[in-house]
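Below: the structure, in structure tokens.
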Amino acid sequence: MFRKPLKILMVQTMNMNLGDSILADNDCYLMKKAMGFKRCDLLRYSISSRDFSQVRYVDAVVFAGGIIKCTNENFWQYMPEIIKEADKYNVPVFLSAIGVEKFYENDERSVALKAALNLPCVKGISVRDDVETLKRDYIENKDIKIYSVYDPAVWCADTYKKHLAKKPSHELVGLGITREKLFEDYGNPQIDRQFQLDLWKGIIQELDKRNVKWKVFTNGDTYDEIFAKEVLEFVGHGEKLTAPLDSQALVHDISTFTSVIAGRMHSNIVSFALSVPSIGFIWNQKLRFWGEKIGYPERFIECDNLTVDNVISAWEKARNEGCIVKKEFKNGVYLALKDFAKTIRHREKDTDKLPEIQNRLVAASLGGIEIRYKNTNSKQAYEYSTKLGYKNFHVDLRLTSDDKLVCVHRWHKETYRIMNHPKKLEDKPSAISYDEFMGCKYYNRFDTLDFDTLMSISEKDHRFILSVGKPKKEDFETMVKCISETIEKYDIDKEKIYIRLEQKRDIDYVIKNKINIKIIYYAVDKKTSEQETLEFLKSSLEYCKSKKIKYLYFNHNVYTQEFDNLCKEYGIKYCSSTCVLTDKAINNINNKAHFVFNQYYDVNYIRRLTK
């Protein structure tokens, strides 16, 4: 009899530093390899999304990387949440190639993390660095299997086989730049901005003296990108590779080099995995562990020894010696996962049937791209969300300073930050011109978009919910005029266009002028008690009924049977505010919400999770 695939939640860190994605990609490759003939569905889960209710739907949880620690990042919080949920539903857990840092017996965060690691659901832990600290200070449950392994990224040549460049025919050195505050944030304030600028300039001058070609690159982090450009400006010449959009692009970039000098750990690990010798800078002990583990400690330079002469000397020695990935480096991490894979079985679990999910789920701000990039309202976001199964799209619209309608979340310093625009420094930045806006890129990667272009590329079966914010009266009238003209221009089915309005003045204008667009009333609930919220809901429904508005956009947390009964009584369809958690989205879909806006997990993902 046919059995459904085993569902495995692959927990990973998803951010703009693609090193974490590379680690997770390799763990996923190895997990599929370890499952052998068994069919499995690997669900990529962002640890920082805190959407841990997903655990109840799966057969196993694998932490694909991460660090056992309570400093700098919130692993101390994220890991226990997921492990406790897994223990609640008897879902087995494996932590693959985890980093380990110091245990603090007087820190409640360390204590909570330790308690979670010793729960019965935790079956095994493989460690890529300090396994002795894990054994001595964290683990008391003797049933937990512990493995000392190399970083999964040593498998890069296999995992990314289709994405590698041909072997370079000429010498080319990759210079991997990190953000200027990285060393300072990890306790090395002497390695400041000027120190790094001088260091990179000195390294480049020495390469130039030797007639060795070089290119600057990053792991994708926005702040790495910013400082990389500043390094090139300081040096006065040179080329920087385009910021990699995904892990495949980063690995491809590194495969074009004959040697590497880099600050990021996974730039060095990927280089090693591709037999490209590299020199690293130790801003964190994990780089030191890596150098010692592969037998090249001299290639990783301590902050106290970080000079141009020391870097170039180490680089010359490394380029002459090369590097080899031994079989034992790769076997450990794979065999540990294989041991765990053998124990995974189908669990008895409840599933949610969501037949209307594609008709209900809405991609907020045209959708996020790989969870890392949200609220861009970009062309790439729309195209990416379409591939993920969306049919409904929310889009933010604003006027430029010269009255052109564009797709942008709002004229806010956060918007300008992700555009790397000077207005990010202003407390209340104003709009920019159309040409200036269209010349920007979000995260140095994604194209800005205007409403006209969006409508010109939109698919006929897609629905759009337009959000215009709280504009001035004359600005709103201009926006409505632009919207109407664009819809007419591209012969867009008006049944598929909605406008979400918060100001009653704007609603009156649309009704009075018989603008043929469906109105969704955005009722902003600022009440503090359940009774006040219920009264506000009733008044909002009364208002919708009086204006013959059929759709009410309301807080996703307020749903009760009484809420549902009231909506039916008034003949109003409920549109749920943005759900960042999957269980909230599922509950609202099951409760027949007309639209459910969501931020992270898409139509196809939720289908796979719940089927």
Could you check whether atom [atom1] of [X] has more than 12 heavy atoms from other residues, nucleotides or ligands sitting under 6.0 Å from it?
{"X": "K424", "atom1": "NZ", "result": "yes"}
{"X": "K286", "atom1": "NZ", "result": "yes"}
{"X": "H170", "atom1": "NE2", "result": "no"}
{"X": "I324", "atom1": "CD1", "result": "no"}

Do [X] and [Y] meet the criterion of a side-chain donor-acceptor pair at a distance under 3.5 Å?
{"X": "H409", "Y": "E414", "value": "no"}
{"X": "D402", "Y": "T400", "value": "yes"}
{"X": "W283", "Y": "D185", "value": "no"}
{"X": "Q194", "Y": "D198", "value": "yes"}
{"X": "N17", "Y": "H266", "value": "no"}
{"X": "K423", "Y": "S430", "value": "yes"}

State whether [X] and [Y] are salt-bridged, where the test is any N-O pair (Lys NZ or Arg NE/NH1/NH2 against Asp/Glu carboxylate O) under 4.0 Å.
{"X": "E184", "Y": "R193", "answer": "no"}
{"X": "E321", "Y": "R299", "answer": "yes"}
{"X": "D25", "Y": "R44", "answer": "yes"}
{"X": "D158", "Y": "K33", "answer": "no"}
{"X": "E206", "Y": "R210", "answer": "yes"}

Reported [atom1]-to-[atom2] distance for the pair [X] and [Y], which is rounded to 0.5 angstrom:
{"X": "C156", "Y": "Q248", "atom1": "SG", "atom2": "CD", "answer": "10.5 Å"}
{"X": "L197", "Y": "F195", "atom1": "CG", "atom2": "CZ", "answer": "11.0 Å"}
{"X": "F227", "Y": "R179", "atom1": "CZ", "atom2": "CZ", "answer": "11.5 Å"}
{"X": "M10", "Y": "C40", "atom1": "CE", "atom2": "SG", "answer": "9.0 Å"}
{"X": "I8", "Y": "D27", "atom1": "CD1", "atom2": "CG", "answer": "11.5 Å"}
{"X": "C28", "Y": "L43", "atom1": "SG", "atom2": "CG", "answer": "9.5 Å"}

Measure from the side-chain N and O atoms of [X] to the backbone N and O of [Y], and report whether any donor-acceptor pair falls under 3.5 Å.
{"X": "R128", "Y": "D151", "value": "no"}
{"X": "D129", "Y": "V100", "value": "yes"}
{"X": "T13", "Y": "G66", "value": "no"}
{"X": "N74", "Y": "Q77", "value": "no"}
{"X": "S365", "Y": "G367", "value": "no"}
{"X": "R109", "Y": "C70", "value": "yes"}
{"X": "S313", "Y": "N310", "value": "no"}

Minimum heavy-atom separation for [X] and [Y], please, with both atom names.
{"X": "V216", "Y": "I177", "value": "CG1-CG1, 3.6 Å"}
{"X": "I83", "Y": "A116", "value": "CG2-O, 3.3 Å"}
{"X": "L117", "Y": "I144", "value": "O-CD1, 3.1 Å"}
{"X": "L18", "Y": "P244", "value": "CD1-O, 3.5 Å"}
{"X": "A165", "Y": "T256", "value": "CB-CG2, 3.7 Å"}
{"X": "Y138", "Y": "K102", "value": "OH-O, 3.2 Å"}

Answer yes or no: is there a side-chain heavy-atom contact under 4.5 Å between [X] and [Y]?
{"X": "I47", "Y": "E73", "value": "no"}
{"X": "T386", "Y": "F393", "value": "yes"}
{"X": "Y334", "Y": "N26", "value": "no"}
{"X": "F281", "Y": "V311", "value": "yes"}
{"X": "V333", "Y": "Y147", "value": "no"}
{"X": "S385", "Y": "L366", "value": "no"}
{"X": "M31", "Y": "M35", "value": "yes"}
{"X": "T448", "Y": "V406", "value": "no"}

Open item on the list: Using the rule given for side chain to side chain contact (heavy atoms under 4.5 Å, CB included), can you reason through I432 versus Y416, listing the C-alpha separation, both sets of side-chain angles and the distance that settles it, and then say yes or no?
Closed with: CA-CA 10 Å; I432 55 179; Y416 292 119; 3.6 Å; yes

Open item on the list: Given E171, which partner from the list K213, K215, R319 fulfils the salt bridge (Lys or Arg N to Asp or Glu O under 4.0 Å) test?
Closed with: R319

TODO: Could you check whether the rings of W155 and Y29 sit parallel, tilted or perpendicular, using 30° and 60° as the cut-offs?
DONE: tilted

Open item on the list: Ring-plane angle category for Y442 and F437, please: parallel below 30°, perpendicular beyond 60°, tilted otherwise.
Closed with: perpendicular

Open item on the list: Could you work out, with ring-ring contact (aromatic ring centres under 6.0 Å, His included) as the rule, every residue matching Y384, not counting sequence neighbours?
Closed with: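 For Y384 there are no ring-ring contact (aromatic ring centres under 6.0 Å, His included) partners, ignoring immediate neighbours.
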
TODO: Name all residues meeting the ring-ring contact (aromatic ring centres under 6.0 Å, His included) criterion together with Y601; count only those two or more places apart in sequence or in a different chain, and write none if there are none.
DONE: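 Y601: ring-ring contact (aromatic ring centres under 6.0 Å, His included) contacts with Y605.
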
Task: Lys/Arg cation over aromatic Y150: K293, 6.0 Å, 45° cone - done: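 Satisfied, under 6.0 Å and within 45°.
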
TODO: Establish, yes or no, whether the cationic atom of K181 lies under 6.0 Å from the six-membered ring centre of Y223 and within 45° of the ring axis.
DONE: no

- [ ] Tell me, with the steps shown, if F272 and W290 meet ring-ring contact (aromatic ring centres under 6.0 Å, His included).
- [x] CA-CA 11 Å; F272 176 78; W290 172 251; 5.6 Å; yes

- [ ] For side chain to side chain contact (heavy atoms under 4.5 Å, CB included), just list the numbers for Y382 and I457, CA-CA rounded to whole Å, side-chain angles, deciding distance to a tenth of an Å, and then say yes or no.
- [x] CA-CA 10 Å; Y382 173 57; I457 63 173; 4.0 Å; yes

Task: Validation row, ring centre Y373 to ring centre F446 under 6.0 Å - done: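 Y373 vs F446: aromatic centres under 6.0 Å.
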
TODO: Show your reasoning for whether side chain to side chain contact (heavy atoms under 4.5 Å, CB included) applies to W76 and D107.
DONE: CA-CA 11 Å; W76 64 270; D107 191 315; over 6 Å; no

